[in-house]
Amino acid sequence: MGDSQTWTAAPSAAEHARSVLAVSWSCAVTAEGGREEFVGGHTVAEKGRVTLEVPEDSTLVAAAICAPRGEPSAVLEFADVAPVPLRSRIRARLWIAGWFAARDGRLEFEATRVVLRRPSGAVVVDLDEFAAAAPDPLATAEARLLTHLADCHPDAIGRLTRLVDPDSLHGAVRVQPLAVDRHGLTLRIERARAHGDVRLPFHAPADDVARLTERMHVLLTRASAASCPRALQRQRTDGDG
């Protein structure tokens, strides 16, 4: 069963893509010479340009030297991984296709196509929008925020389920925080053989951690005033939740 919650106030595809790029620690590069994985080797410059540090024996260096007309092409792949342990932790994948050149011992990439795949499907991100977008202001703090919520405040997560459509909680065995951005919090609802995601939008954007604290307080206050979902009540009675 999928979720029945309406998704509102979410980052644009370009913003999401820039957020993935900002926090990803590793990337895979596919070029003429094959596919290579790099961990902690890339940096992101202005307008989302990627620079990659590679060893001298990398096939990418050979591709840069041997490419016809000196224009080697490659595809960079980044994964957006949920910081909290749960099923299907990859929340999105980002592919950047384009040309690269070797300069000062580094490879600099110029994007010609950007594709973001989310659970709702893949979308081609406009290059101008990608260059102009900024990562979500909470992106670099998200891992710390979500792990703290999951590890230290499971009671708050339970309370927040009161804001979820009861149909989305049917058969739920566990609820965990999946993502947070300046527009809202997303919960992953796991069932015995499936899962679904629901989004709890904030009443106003949270452009820093201080504002996020206030937005979460508003959500929890609303949740406290709501009734406990019957599905979770039954789980607690049976000892399953």
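- When side chains are defined from C-beta on, V54 counts as touching F38, because their heavy atoms get closer than 4.5 Å.
- Residue R87 places its CZ atom among more than 12 non-hydrogen atoms of other residues, nucleotides or ligands, all under 6.0 Å distant.
- Side-chain contact between L76 and V50 is present, with at least one heavy-atom pair separated by less than 4.5 Å.
- At least one side-chain heavy atom of L212 sits less than 4.5 Å from a side-chain heavy atom of V180.
- Cluster annotation: V81 is not connected to L86 through the hydrophobic network of ILVMFWY side chains, with a link wherever side-chain heavy atoms come within less than 4.5 Å.
- Each salt bridge (charged side-chain N to carboxylate O under 4.0 Å, His left out) pair with one or both residues in residues 135-145, not counting sequence neighbours, appears once here: R91-E142.
- Looking only at side-chain heavy atoms (C-beta outward), F202 and V218 stay at 4.5 Å or farther from each other.
- Of all non-hydrogen atoms in L169 and V164, the two that sit nearest each other are CG-CG1, 3.9 Å.
- Applying the salt bridge (charged side-chain N to carboxylate O under 4.0 Å, His left out) definition to pairs two or more places apart or across chains, none involves residues 54-66.
- For the salt bridge (Lys or Arg N to Asp or Glu O under 4.0 Å) test, residues two or more places apart in sequence or in another chain that qualify with E77 are R35, R93.
- F109 and V75 fall into different hydrophobic clusters, defined by Ile, Leu, Val, Met, Phe, Trp and Tyr side-chain heavy atoms under 4.5 Å apart, directly or through other members.
- Looking at S24, its side chain never comes within 3.5 Å of a backbone N or O of S26 through a donor-acceptor pair.
- Cluster membership check: V29 does not share its hydrophobic cluster with W25, using side-chain heavy-atom separations under 4.5 Å among Ile, Leu, Val, Met, Phe, Trp and Tyr.
- A donor-acceptor contact shorter than 3.5 Å is absent between the side chain of R188 and the backbone of P177.
- Applying the side-chain contact (heavy atoms from CB on, under 4.5 Å) test to L127 and every residue at least two apart in sequence or in another chain returns A111, V114.
- Under the salt bridge (Lys or Arg N to Asp or Glu O under 4.0 Å) criterion, R49 pairs with E110, not counting sequence neighbours.
- Counting only heavy atoms from C-beta outward, the side chains of E214 and H203 approach each other to under 4.5 Å.
- The shortest distance between side-chain heavy atoms of L21 and F130 falls below 4.5 Å.
- Screening residues 15-27 for salt bridge (charged side-chain N to carboxylate O under 4.0 Å, His left out) gives E15-R182 as the qualifying pairs, with residues at least two apart or on separate chains.
- Clustering ILVMFWY residues whenever any of their side-chain heavy atoms sit less than 4.5 angstrom apart, transitively, puts L94 in the very cluster that holds V123.
- In this structure, L52 and T43 have side chains that are not in contact, with every pair of non-hydrogen atoms separated by 4.5 Å or more.
- Remark: V23 pairs with A139, T140 by the side-chain contact (heavy atoms from CB on, under 4.5 Å) rule, at least two apart or across chains.
- Every residue two or more places apart in sequence or in another chain that forms a salt bridge (Lys or Arg N to Asp or Glu O under 4.0 Å) with D181 is listed here: R199.
- Here H153 pairs with H148, L149, D155, A156 under the side-chain contact (heavy atoms from CB on, under 4.5 Å) rule; sequence neighbours left out.
- Residue V115 is not grouped with residue F100 when hydrophobic side chains (ILVMFWY) are merged at heavy-atom distances under 4.5 angstrom, including chains of intermediate members.
- With sequence neighbours excluded, the residues satisfying side-chain contact (heavy atoms from CB on, under 4.5 Å) with E108 are T51, R103, R106.
- Every salt bridge (Lys or Arg N to Asp or Glu O under 4.0 Å) that R211 has, sequence neighbours left out, goes to D208.
- With a 4.5 Å cut-off on side-chain heavy atoms, H195 and I189 do not count as touching.
- Centroid-to-centroid, the aromatic rings of H42 and F78 come within less than 6.0 Å.
- Residue pairs satisfying the salt bridge (charged side-chain N to carboxylate O under 4.0 Å, His left out) criterion with at least one member in residues 120-132, sequence neighbours excluded, are absent.
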